[in-house]
Amino acid sequence: MNYIGRFAPSPTGPLHRGSLVAAMASYLDARAHHGQWLVRIEDIDEPRCPPGTAEDILATLAAFGMHWDGEVVWQSRRKQLYEAAFTRLSPWVYPCGCTRREIADSRIGIASDGAAVYPGTCRHGLAPGKTARAFRVRVPDAGDPAGVITFEDRWMGTVSQPLATAVGDFVLKRADGFWAYQLAVVVDDADQGITHVVRGADLLDSTPRQIYLQRLLGMPTPAYLHVPVVTNELGEKLSKQSGALALDANAPLAELLRAARFLGLEGLEGLEALVVPAAPGVQEEALEQFWRQAVAAWCVRIGRA
Ligand code: GLU
């Protein structure tokens, strides 16, 4: 089977216990399919990406025994691809002069990602006195079956989202001039020939928007698998804001076992005994053993999931 998967971190902070789970799942799925595992640095939101963070993430992946195939791709170096796709989407794109506040005030609804559903104010042209801030892509009207995106998630099952009422026309080019994640990810997944996307369920709600863009652009839709997201005691996604737990770089095996337990991988208990302050050579062997067993456990897990 031709399998190309990827891990696509946004380097806004170091890899943490939450992002390790997503990295592990995508890595295991690629290895289980004897496929390629690519790493793409999603540094498109440049002001939010402190220098050196991406390198730090890559070093952690390598130290934890997750070795990627091919060259690492950086979104910040691929802007001409996003521009080209944006141009191809122009029949469906329009400038929007609404501020975040105005959209929130319209109270049409809150999208699942917490943003307000866009009420379509600028759909038929900018109101007099307004200037273009962002650029949005038009989604089919409510009730139009073309706007209901349904897909089979390999972990979550059938997912269906009516774009018009769940998100509305969404942003492709942001008010600050940066490309939106939704556009960049679709362009990159197609350009890199990604066949399987494995990532955290915090992005489940984005997938219908991405499939919609794939359809408009005539790009293939990969298979999707969204793993549950690690949350803190308050049920908040682990992130810098919610006080994510940093990874202990000196205890990779312990961290990997914790992530594997979260994913429900069974039969790895024997490896716990290897979690000792070990000499580097010994540790490497233990990591190799972990990954071998974890791939087998993943096959069992997704067979069941
Ligand atoms: N860059 C996104 C993140 O770190 C993930 C994108 C994706 O996997 O599609 O949350």
Side-chain angles (χ1 to χ4, degrees), residues 4-30 35-50 53-58 60-61 66 68 72-78 81-82 85 112-115 149 151 153-156 159 161 170-172 174 178-214 219-231 236-242 244 247 259 263:
I4 306 179
R6 81 326 187 253
F7 176 53
S10 303
T12 53
L15 202 67
H16 56 69
R17 285 186 180 159
S19 39
L20 177 63
V21 167
M24 175 181 283
S26 68
Y27 183 74
L28 289 175
D29 201 51
Q36 293 182 57
W37 187 64
L38 310 184
V39 173
R40 179 168 76 227
I41 299 294
E42 298 210 322
D43 57 346
I44 197 70
D45 196 352
E46 291 174 76
R48 290 186 58 231
C49 300
T53 309
E55 288 79 2
D56 185 67
I57 291 174
L58 294 172
T60 307
L61 292 174
M66 282 179 269
W68 55 89
V72 171
V73 159
W74 299 69
Q75 284 192 328
S76 58
R77 303 176 193 168
R78 296 161 65 79
L81 287 176
Y82 313 138
S112 36
D113 61 5
I149 307 292
F151 68 99
D153 188 85
R154 294 171 53 218
W155 188 293
M156 301 286 173
V159 177
Q161 187 186 68
F170 56 94
V171 171
L172 296 185
R174 304 178 349 181
F178 288 103
W179 297 109
Y181 156 70
Q182 308 293 355
L183 177 67
V185 77
V186 163
V187 170
D188 285 336
D189 282 342
D191 183 68
Q192 295 188 282
I194 302 299
T195 58
H196 291 71
V197 171
V198 177
R199 58 186 177 191
D202 51 320
L203 292 164
L204 192 61
D205 293 329
S206 288
T207 305
R209 269 170 279 179
Q210 294 171 18
I211 293 174
Y212 176 63
L213 291 180
Q214 288 154 4
M219 292 170 169
T221 292
Y224 287 98
L225 186 158
H226 291 84
V227 290
V229 171
V230 181
T231 54
E236 297 162 338
K237 181 195 165 193
L238 277 194
S239 66
K240 274 194 299 186
Q241 295 86 332
S242 60
L247 290 171
L263 285 169

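Residue numbers start at 1 and run along the sequence shown. Keep in mind the model is a prediction, meaning the values are calculated, not measured. We count ligands from 1, going down the list as the structure has it; atoms in each ligand are counted the same way.
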Can you check which of R6, Q182, Q210 brings a heavy atom nearest to atom 7 (C) of ligand 1?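 It is R6 that holds the nearest heavy atom.
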With respect to atom 6 (C) of ligand 1, which of Q75, R199, E42 exhibits the smallest heavy-atom separation?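 Selected option, by shortest heavy-atom distance: E42.
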Could you tell me whether R154 and D29 make a salt bridge, using a distance below 4.0 angstrom between a side-chain N and a carboxylate O?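 Yes, charged N to carboxylate O under 4.0 Å.
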Less than 4.0 Å between a side-chain N and a carboxylate O, is that true for R40 and E42?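 The answer is yes: the pair qualifies as a salt bridge.
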Mark up the atoms of ligand 1 that fall under 4.0 Å of a heavy atom belonging to V185, in ascending order.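 Numbered from 1, ligand 1 contributes 9 (O).
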Counting the benzene-type ring for Trp, do F7 and Y27 have ring centres under 6.0 Å apart?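 Between F7 and Y27, the centre distance exceeds or equals 6.0 Å.
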Quick one: CH2 on W155 to NE2 on H226, what's the gap to the nearest 0.5 Å?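 With rounding to 0.5 Å, CH2 (W155) is 12.5 Å from NE2 (H226).
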Is ligand 1 less than 4.0 angstrom away from at least one heavy atom of Y181?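 Within the 4.0 Å threshold, so yes.
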Donor + acceptor pair across side chains of Q161, Y212 (<3.5 Å):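 Looking only at side-chain atoms, Y212 and Q161 do not form any donor-acceptor pair under 3.5 Å.
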Checking the N or O distance criterion of under 3.5 Å, is ligand 1 in contact with L203?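 No.
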I'd like to check whether R40 has a polar contact with ligand 1, where a contact means an N/O of the residue lying under 3.5 Å from an N/O of the ligand.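 Not met; the criterion fails.
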